[in-house]
Amino acid sequence: MTLMKRISLIFRAKADKALDRAEDPRETLDYSYKRQLELLTKVRRGVADVATSRKRVELQGAQLKQQSDKLTEQAQKALSMGREDLAREALTRKSALTSQMSDLQAQQAQLQGEEEKLTLASQRLQAKVESFRTQKETIKAQYTAAEAQTRINEAFSGISEEMGDVGMAVQRAEDKTAQMQARAGAIDELIASGALDDASSINRGDDISRELEAMSSQSDVESELAALKAGSAPQALEQSDSTPPAQVEATPVSEPRKEEGQS
Amino acid sequence: MIVRILGEGQWTVTDEQLPTLNTLDAAVEAAVEAEDQSSFSNTLSALLDAVRTGGEPLPDESLEDSDLILPPSDATLEEVRELLNDDGLIPG
């Protein structure tokens, strides 16, 4: 027997088993409708879960991107200061992030696919549930229990196959989402532990930025000193001299703070 | 004849298309038996494509059961084996 035939027989057997549950076939209709609505709720929840998961992965991707950009800037800065060793260190850390980022992108694409599939499944089920509800009312109004049986079988087998399909789709999406969640959790932990952002944490600062800052303040001092020695100091004084008269005119009281005293 | 692709929906196919589908289906089945994942993926996607392009999609609100049911496009060998096992993947 062919593969497709075998699968369809298994689905039918499941539907028959479900149909045997009620004594009065018309009760089966109501029972089934109730289960359809439950499944519809479950699919919608499934869509929301997958979307949440996808957003989380997107957020992590954005975080990693930010860190990676920062490392690139650090590498450029380090290189411009002649510190190839520091630039190399920054780029090494960046390459570790890059593989994480491409992994996240693949996950995001997969979740996006699941989300789309489930959304379509929920639309199909919604349409079928609606049409089942209409048929159910017609069958209940027009037929006796005995007559209704065949009609019910027809409506029921169609919807129960869809329910089996959608139920399976939700299950698969849940399994995949759970796997993604576990991996996303691992990346969160990695970020929290500082293994990834040690070099690039925005708030805390890191060894590379500290070194770059130390170097840059050192070089600021050096260049200012050099400027003073070269006699460009009078020019700086000239510039600041042009402001006090204006201030004096505007405010007769003496200024408590002078700009040039700051740096 | 109505064919369902799990996770995608249902299509009506004509009797003339059946021999082609049966040949492709036999290839999928052989791959399942040989436990050959890559051959399975290729033959399954050929079979699903034949249904999608050759068949006419059934409207969403139709309540007809299918004569043939096919695994989802991203199914693994393992999943198909479970599908063929009565207590397997299908809930309820």
Side-chain angles (χ1 to χ4, degrees), chain A residues 1-18 21 32 35 38-39 42 110 113-114 117-118 120-136 151 153-173 175-176, chain B residues 1-11 13 18-19 21-33 40 43-44 47-48 50-51 57-92:
Chain A
M1 199 180 353
T2 72
L3 183 73
M4 15 189 213
K5 198 82 204 163
R6 276 158 74 193
I7 297 175
S8 73
L9 286 180
I10 287 162
F11 266 80
R12 204 160 298 163
K14 291 261 177 188
D16 289 346
K17 228 188 272 176
R21 272 185 209 151
S32 172
R35 286 204 48 203
E38 283 165 12
L39 182 58
K42 205 175 162 190
Q110 212 179 334
E114 286 301 318
K117 267 192 275 179
L118 274 193
L120 287 175
S122 131
Q123 283 165 6
R124 275 198 308 274
L125 184 64
Q126 165 90 56
K128 283 192 165 52
V129 167
E130 192 49 43
S131 122
F132 184 89
R133 189 185 60 81
T134 317
Q135 286 204 22
K136 163 175 97 86
R151 294 289 307 272
N153 281 348
E154 283 166 15
F156 192 81
S157 56
I159 191 91
S160 71
E161 185 185 300
E162 187 70 34
M163 285 172 74
D165 186 355
V166 171
M168 213 177 104
V170 175
Q171 188 60 53
R172 293 177 95 230
D175 289 350
K176 280 188 193 163
Chain B
M1 203 165 233
I2 296 171
V3 181
R4 173 184 290 273
I5 298 176
L6 290 174
E8 288 182 40
Q10 294 167 292
W11 281 262
V13 297
L18 275 182
L21 296 185
N22 275 326
T23 312
L24 291 167
D25 182 54
V28 179
E29 199 167 31
V32 171
E33 260 150 46
F40 168 74
T43 51
L44 179 64
L47 175 57
L48 299 185
V51 174
L58 220 60
D60 282 354
E61 65 275 12
S62 79
L63 282 177
E64 291 175 74
D65 54 348
S66 315
D67 302 286
L68 301 167
I69 296 183
L70 292 172
S73 55
D74 59 346
T76 60
L77 263 181
E78 181 63 27
E79 282 177 315
V80 170
R81 232 176 279 127
E82 270 188 66
L83 204 55
L84 293 171
N85 170 1
D86 201 6
D87 301 319
L89 284 175
I90 316 159

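Order of the sequence lines sets the chain letters (A, B, ...), proteins ahead of strands, with each chain counted from 1.
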What are the two closest non-hydrogen atoms of [X] and [Y], and how far apart are they?
X       : Y       : result
B/Ser66 : A/Ser8  : O-CB, 4.3 Å
A/Lys5  : B/Asp67 : NZ-O, 3.6 Å
A/Ile7  : B/Leu83 : CD1-CD2, 3.7 Å

Next on the checklist: Could you check whether any side-chain heavy atom of B/Pro72 comes within less than 4.5 Å of a side-chain heavy atom of A/Met168, counting everything from C-beta outward?
Outcome noted: yes

Kindly compute the distance separating [atom1] ([X]) from [atom2] ([Y]), expressed to the nearest 0.5 Å.
X        : Y        : atom1 : atom2 : answer
A/Met4   : B/Arg4   : CE    : CZ    : 15.0 Å
B/Ile69  : A/Asp165 : CD1   : CG    : 7.5 Å
A/Arg172 : B/Leu6   : CZ    : CG    : 8.5 Å

What part of [X] gets within 4.5 angstrom of chain A, counting heavy atoms only: side chain, backbone, both, or neither?
X       : value
B/Pro71 : both
B/Ile5  : backbone
B/Leu21 : both

Part of [X] within contact of chain B (heavy atom distance under 4.5 Å):
X        : result
A/Glu162 : both
A/Glu114 : side chain
A/Leu120 : neither
A/Glu161 : both

Checklist entry - Near A/Lys176 NZ, under 6.0 Å, is it more than 12 heavy atoms from other residues, nucleotides or ligands? => result yes

Checklist entry - B/Asp60, B/Leu70, B/Leu47, B/Val3: which one forms the most heavy-atom pairs within less than 4.5 Å of chain A? => result B/Asp60

